[in-house]
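Shown next, in structure tokens, is the structure this report addresses.
Order of the sequence lines fixes the chain letters, A, B, ..., with proteins taken first and strands second; residue numbering starts at 1 for each chain.
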Number of protein chains: 2
Amino acid sequence: MVKSAVIQDTEAKILAAAGEVFREKGRDGAKMQEIADAAGINKAMLHYYFRSKDQLFETVFTQAAQHFFEKLNGILNADKTLFEMIHLLCGAYLTMATENPHFPLFIIGESNRNAEGFMKKIFSLKAKKPEFTRFKKLVQDEINLGHINNVKPEQIIMNILSLCIYPAMAKPMMKMGLGLTEKEFDSAIEERKQSIADLIIGSIRKN
Amino acid sequence: MVKSAVIQDTEAKILAAAGEVFREKGRDGAKMQEIADAAGINKAMLHYYFRSKDQLFETVFTQAAQHFFEKLNGILNADKTLFEMIHLLCGAYLTMATENPHFPLFIIGESNRNAEGFMKKIFSLKAKKPEFTRFKKLVQDEINLGHINNVKPEQIIMNILSLCIYPAMAKPMMKMGLGLTEKEFDSAIEERKQSIADLIIGSIRKN
DNA sequence: GTCTATAATTTGATAGAC
DNA sequence: GTCTATCAAATTATAGAC
């Protein structure tokens, strides 16, 4: 166990390469040969470690979902006020979507393709599925205190997810549609880091 | 030319079937056999009419984009006030996304896969690419009149698109994540038809 | 134009040497 | 564990009869 930390073992290399290719090309568009090339190893190794393309995909997908859920649960269960939590959620989602723009499309595509299987997978993860019960309670408390309007917590969640994730995942189309350069688009996204949480809060706060 | 209007010609049948399958399964996930079955014709016919799978996809994609752009241009160039136009845009996008939830994923996936080719395709359409110049002017006018805050029109567009499209395209994941039944989710979307435009307008209107 | 049968190609998967 | 060579299956594409 004195292996250099720089040199990943083969399994890790495969998972990293497969993750990238699957996210970019999708489950069907990704080819085993391309994954092998990206990992710098032979195609036969993929089968040696993961048996089949399906199994490799499942592993990659599960790992990605798990990683994200852990992060999310950290926020949703933190001891914060509603407004603080909205800020944190917006920051986390925006950062995730910006750094890894293919990830949301990847997840959504898979959940659309096979909703039942998707659900089963999610529920069998070690990391618990994100729980919004605490968030919902915070919303209800603020309503009772008269601080915010009588809104459904689900709508707030939908708004946060939409505003944070969509622009990043649709970047090429957005850039083109709005006629923005790469730089202009990136700075537009940067602006949103400040504005989205305020927009959400402004829309529910009682004046 | 006394053919019954009910019986579509083969080419139209193919395009309809291919559109459905491509949107649902994606460019790579869709199989020619499945398209042929959906169209109720033989696989060889697909090649007779469209030469190759690639060409069939391009035709379907272009046609879909064109149809949507025409609708959008109708709104963007209409003689309306800014607030009216925001309401119309939200309605059009929400309806589109709800009735055809696979369409946005389809377009975004393709534009991510090949941004340059996507742009070339769009620009060569008969229907002009949607122009936001008039929308931008309306925003600037309202800013000058002191009716709304000094916001960038691009941010408004991003917000409209995000809030309307994302929840519908991510329906299975949303349902699961929020623990909603089909019925509950649909009524949540229905609520948004009333609330989204108001949310957008509320976020920019000067009080 | 439409079909059946078949060719050609791509791609996932395995066998077997090292 | 890793590679080369090869197989097997799936899928696109075409040939040719009607």
Could you tell me the separation between the [atom1] atom of [X] and the [atom2] atom of [N], rounded to a whole number of Å?
{"X": "A/Leu46", "N": "D/dC3", "atom1": "CG", "atom2": "C1'", "answer": "13 Å"}
{"X": "A/Met45", "N": "C/dG12", "atom1": "CE", "atom2": "C1'", "answer": "16 Å"}
{"X": "A/Phe57", "N": "C/dT11", "atom1": "CZ", "atom2": "C1'", "answer": "18 Å"}
{"X": "A/Asp9", "N": "D/dG1", "atom1": "CG", "atom2": "P", "answer": "9 Å"}
{"X": "A/Leu56", "N": "C/dG12", "atom1": "CG", "atom2": "C1'", "answer": "12 Å"}

Could you identify which residues of residues 14-24 of chain B place a heavy atom less than 4.0 Å from some atom of DNA chain D, listed by residue number, or say none?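 DNA chain D contact set from residues 14-24 of chain B: none.
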Could you tell me whether the side chain of B/Gln155 and the main chain of B/Lys152 form a donor-acceptor pair under 3.5 Å?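 Flag not set: sc B/Gln155 to bb B/Lys152 has no pair under 3.5 Å.
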Under the 3.5 angstrom rule, does the side chain of B/Ser203 hit a backbone N or O of B/Ile200 as a donor-acceptor pair?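 Such a contact is found between B/Ser203 side chain and B/Ile200 backbone.
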Side-chain N or O of A/Thr10 closer than 4.0 Å to phosphate OP1/OP2 of D/dG1: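 Result: no.
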Residues [X] and [Y] bridged, charged N to O under 4.0 Å:
{"X": "B/Asp37", "Y": "B/Lys43", "answer": "no"}
{"X": "A/Asp186", "Y": "A/Lys171", "answer": "yes"}
{"X": "A/Glu154", "Y": "B/Arg192", "answer": "no"}

What do you reckon, are the aromatic ring centroids of A/Phe103 and A/Phe22 less than 6.0 Å apart?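 Here the rings of A/Phe22 and A/Phe103 have centres that are no less than 6.0 Å from each other.
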What do you reckon, are the aromatic ring centroids of B/Phe106 and B/Phe61 less than 6.0 Å apart?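 Between B/Phe61 and B/Phe106, which both carry aromatic rings, the centre distance is below 6.0 Å.
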Could you write nucleotides 4-18 of chain D as a row of B, S and -, 5' to 3', where a protein heavy atom under 4.0 Å of any base atom gives B, of only sugar-phosphate atoms gives S, and otherwise -? B------SBBB----
If you take all heavy atoms of A/Pro101 and A/Ala168, which pair is closest and at what distance?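 Heavy atoms only, the tightest pair is CB-O, 3.8 Å.
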Mind checking B/Phe50 for me? I need base, sugar-phosphate or nothing, with any heavy atom below 4.0 Å counting as a touch.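 Counting heavy atoms under 4.0 Å across all strands, no contact is made by B/Phe50.
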